[in-house]
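Everything numeric here is computed off the predicted structure, so don't read it as measured data. The sequence lines fix the lettering, A, B, ..., with proteins before strands; numbering per chain opens at 1.
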Amino acid sequence: MTPLAGCLLVSSMLFAVGLAGALTRRNTILVLVGIELMLNAANLNFVAFWRFGHHAGVSTGVIFGLFSIAVAAAEAAVGLALILAVYRHTKTTDLSLLTGRAQ
Amino acid sequence: MLDQVFVLLKHWLLGYSPAAIQPEVSILLTILPILLVFPVLFALTTVLERKGLGRIQNRYGPNRVGFYGILQPMADALKSLTKEDIVPASADRAVHFLAPLVLLAVAFLPYAVLPIGRNMIAANLDAGVLFFFAIGAISELSVFMAGWSSRNKYSLLGAMRAVAQMISYEVPLLLSSIAVIMAAGSLNTVEIVNKQAGFSGIFPHWYVLTPWGFAGFVLFMIAATAETNRSPFDLPEGESEIIAGYYLEYSGFKFALFFLGEYLGMFAISGLGITLFLGGWGAPLPFLTWVPSWIWFFAKLLGLIIGFIWVRGTLPRLRMDQLMNFAWKFMLPMALVVVVSAGAWRFLPQGVTRWLVSTLLLAVAYALLARGVETRNKIAKRTYRFAE
Amino acid sequence: MRQMSAAFLILAIVTMIAACAAMTLRGLVHCALALAVAFAGIGTLYLSLGAQFLGLAQLLVYVGAIAVLIVFVILLTRGGDGDASPLIPTGLPITGIVVATTILALLAWAVFHSFAMHSLGPPATPATVRELGTVLMAEYVLPLEVIGLMLTAALIGAVVVAMKEKQDTQ
Amino acid sequence: MLGLGIIKGLVETARNFLGSFVDKKRLVTVQFPEERLPVAEAARNFPFLIYDGVDPEQGLRCVACQICEKECPPRCITIEKSKDKKPDFVGKQQFYPAVFDIDVSVCMSCQICVEVCPFDAIRMDNEFELSTTDRFGGLLWTKEKLARPNEYYEAIHPTEAAEVEARRAEEKAQAEAKKQPSAVTQ
């Protein structure tokens with residue numbers, strides 16, 4: 001049970017929690033939170049493989065981590081802006097009510 | 001010898017501790033002085049502040065408790081400790097309790113990367129300045145937790161204003177420090193201080209003495225006042241507008257924690273200002289280098305604190321929209337120009353040309369942006385309408 | 001378990017608890033705060049793995065900005081005071097959890113049978129900021145520019161989408 | 001130029017700050033218990049009863065006519081008439097108050113009792129250090145606590161006391177004159 005395996009297990013568990021949350025919760029903001037968790041889980045893999053992977057030393061893992069953080073930040077900003085726009089239009093953030101409506 | 005007195009003291013004490021727990025004891029010995037020195041400095045600053053503001057407003061300031069009011073912080077501490085700690089019934093108990101703790105933890109953490117004296121730094125991190133700003137960013141969350149958990153419209157309003165203000169002033173704060181990081185070539189605070197050591201003639205190589213450094217320092221200090229919700233930017237806790245902002249529903253010891261957190265934040269951010277712009281623990285003049293290094297750090301810190309108090313005694317409180325406009329429409333572009341001017345300073349040949357170019361760059365930008373800020377609030381001549 | 005340091009274990013457990021709390025708590029703002037703790041936990045995980053710059057960047061960006069953003073949106077959509085949707089929403093809770101557990105089982109199986117379980121290369125020397133800077137500017141200068149462009153576009157897009165339409169508000 | 005106003009303000013506060021160390025006249029604070037500002041003559045706090053001569057019982061001017069009790073807006077004065085009478089300053093037999101209480105915690109220092117009193121018996125005092133630990137008894141002042149000699153009244157309100165004194169002397173003279181011819185005619 002090397003540290004690398006430990007990291008991979010933690011990130012897969014994080015990914016599973018994020019996925020479960022994104023699929024089950026009805027509030028759009030929590031779905032977005034689930035997606036953020038999944039993104040972070042992927043990020044954790046990058047760093048784990050950079051640290052313990054075979055060709056460790058080449059710092060591509062950390063660079064990819066940085067870019068993925070930037071992308072996730074942009075995605076969160078746009079996602080939340082969309083949630084706000086939808087809320088202003090329909091006065092609710094409950095997904096189950098939103099899916100069936102004719103826009 | 002006096003310069004390294006604390007380092008030698010620590011090693012001497014370390015000798016006594018058993019070998020097994022040597023590393024833990026050494027960590028403790030670095031942390032303990034920080035936990036003691038800065039709260040004492042907080043106590044002194046409260047007296048300094050109240051007496052200074054008093055003298056500015058033609059009155060004495062506290063002089064009843066102790067000799068000329070020196071023991072006033074004892075009285076304040078005793079009062080806040082013995083006051084009843086009321087938690088509103090509708091408050092969210094857990095978050096309400098956690099907010100001051102998070103704020104205090106986040107207020108103490110940045111001291112790890114501040115070089116107080118020659119090799120007197122708690123954690124010599126490779127990305128020291130980034131650590132400082134990362135920890136500073138967490139304090140916004142604790143402000144929000146305090147405001148939201150009291151379930152009180154005014155404290156929520158105060159918290160939202162405080163968080164909005166801290167976020168919009170964090171950008172110029174970062175950008176003005178980026179100019180210094182670019183010039184020093186590293187994020188490590190000890191490296192930045194070493195880059196500013198040395199003298200040319202009687203002038204030290206501090207960044208504040210370069211044109212872009214001076215502009216950066218002014219921007220840094222303005223953003224620092226806003227970041228710690230002080231003086232002209234203390235809208236979130238404006239007593240006249242929204243009673244007392246996010247720490248409205250706190251009393252007794254938790255209220256004192258908020259005050260301690262605010263002052264510790266002020267010391268930390270001015271400590272960073274000293275490290276980045278005023279040459280950390282460097283001596284200002286060549287023939288004064290015999291003075292111990294940590295005395296210079298605390299002297300400059302005292303200077304900046306007096307600056308904060310002076311500004312607090314002078315400037316009126318800004319309105320929320322003025323505050324936001326100033327951050328995004330004046331501070332941010334000015335900080336970008338400071339970065340460009342630092343770049344020009346770096347690549348132009350020594351001597352007059354680079355002084356001229358970077359100063360011109362800054363002056364033109366300042367004039368244009370200043371006109372932008374001034375024309376917007378066209379303060380026309382006041383017209384009086386008398387009752388007929 | 002022996003090779004993994006105690007710090008790593010504690011951090012992993014804290015992050016897992018915070019992530020589960022973020023997904024299961026009833027109060028929306030409680031979820032957001034638990035999320036902030038999860039992000040901070042992941043940031044410190046990076047620090048313990050030696051990626052100092054990434055860990056601090058994560059702390060700055062996620063805990064400092066995204067968590068506060070999520071909290072702002074929760075308050076703007078009036079989720080702060082009332083409790084969030086009931087924990088076990090009607091309709092499709094089971095399928096979501098079943099899908100997640102199957103994926104977890106799949107991943108865990110893959111990890112346990114992969115090379116990671118035994119052979120362990122020498123851990124990489126922690127990348128200094130200067131090294132990251134040179135690599136970022138040398139090999140990855142194009143992605144850096146594209147990221148800058150993308151961030152500006154996202155910023156402007158978010159503002160335009162979230163701006164209150166002056167004219168056609170009912 | 002943006003920023004000049006701020007610098008001017010800072011210079012002003014610096015001048016104030018340094019000036020306060022140079023000449024003490026700038027500092028306006030009065031260290032209260034040690035230094036005191038003179039109380040203005042027309043200052044008023046709570047009413048007090050005036051008595052002539054030495055004995056507060058005999059010389060009390062108040063004749064228990066209870067006008068001030070009826071006129072007092074917050075009704076903080078309670079008077080009980082005495083059974084017997086005693087001579088007043090012109091010798092006429094008048095009642096006197098057996099009980100004259102003012103609830104100082106209720107009194108709002110409006111001075112209406114002074115304006116309506118036909119016998120100049122009640123006036124406003126300017127004593128303000130009146131804190132007591134006892135919330136009830138301590139703030140219900142009885143006749144003995146309210147009575148003050150006329151000299152005290154002349155000390156705190158000199159001009160007003162002078163007029164009152166002149167008017168009373170004139171009344172006394174008229175009473176004497178009226179009584180004198182009757183004495184002469186016996």
Open item on the list: If you apply the rule side-chain contact (heavy atoms from CB on, under 4.5 Å), what do you find for B:V95 with C:H30, and how did you get there?
Closed with: CA-CA 8 Å; B:V95 181; C:H30 287 182; 3.9 Å; yes
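- The side-chain heavy atoms of C:L75 and B:F144, taken from C-beta on, include a pair separated by under 4.5 Å.
- Contact residues of residues 49-58 of chain C toward chain B are C:Q52, C:F53, C:L56, C:A57 (heavy-atom distance under 4.5 Å).
- Ranking B:N188, B:L125, B:L156, B:I167 against chain C, the residue ahead of the rest is B:L125, based on heavy-atom pairs under 4.5 Å.
- Once rounded to the nearest 0.5 Å, the distance linking CD1 of B:I138 with OH of C:Y62 reads 15.0 Å.
- At distances below 3.5 Å, not a single donor-acceptor pair connects side-chain atoms of C:R130 with backbone N or O atoms of B:L187.
- Pairing each heavy atom of B:A137 with each of C:G64, the nearest pair is CB-CA, 3.5 Å.
- Looking at C:V71 and B:W148, their side chains never come closer than 4.5 Å, going by heavy atoms from C-beta outward.
- Interface residue B:L174: only side-chain heavy atoms are found under 4.5 Å from chain C.
- When every heavy atom of C:F72 is checked against every heavy atom of B:V163, the shortest pair comes out as CE1-CG1, 3.4 Å.
- Counting heavy atoms from C-beta on, the side chains of B:M145 and C:V29 never come closer than 4.5 Å.
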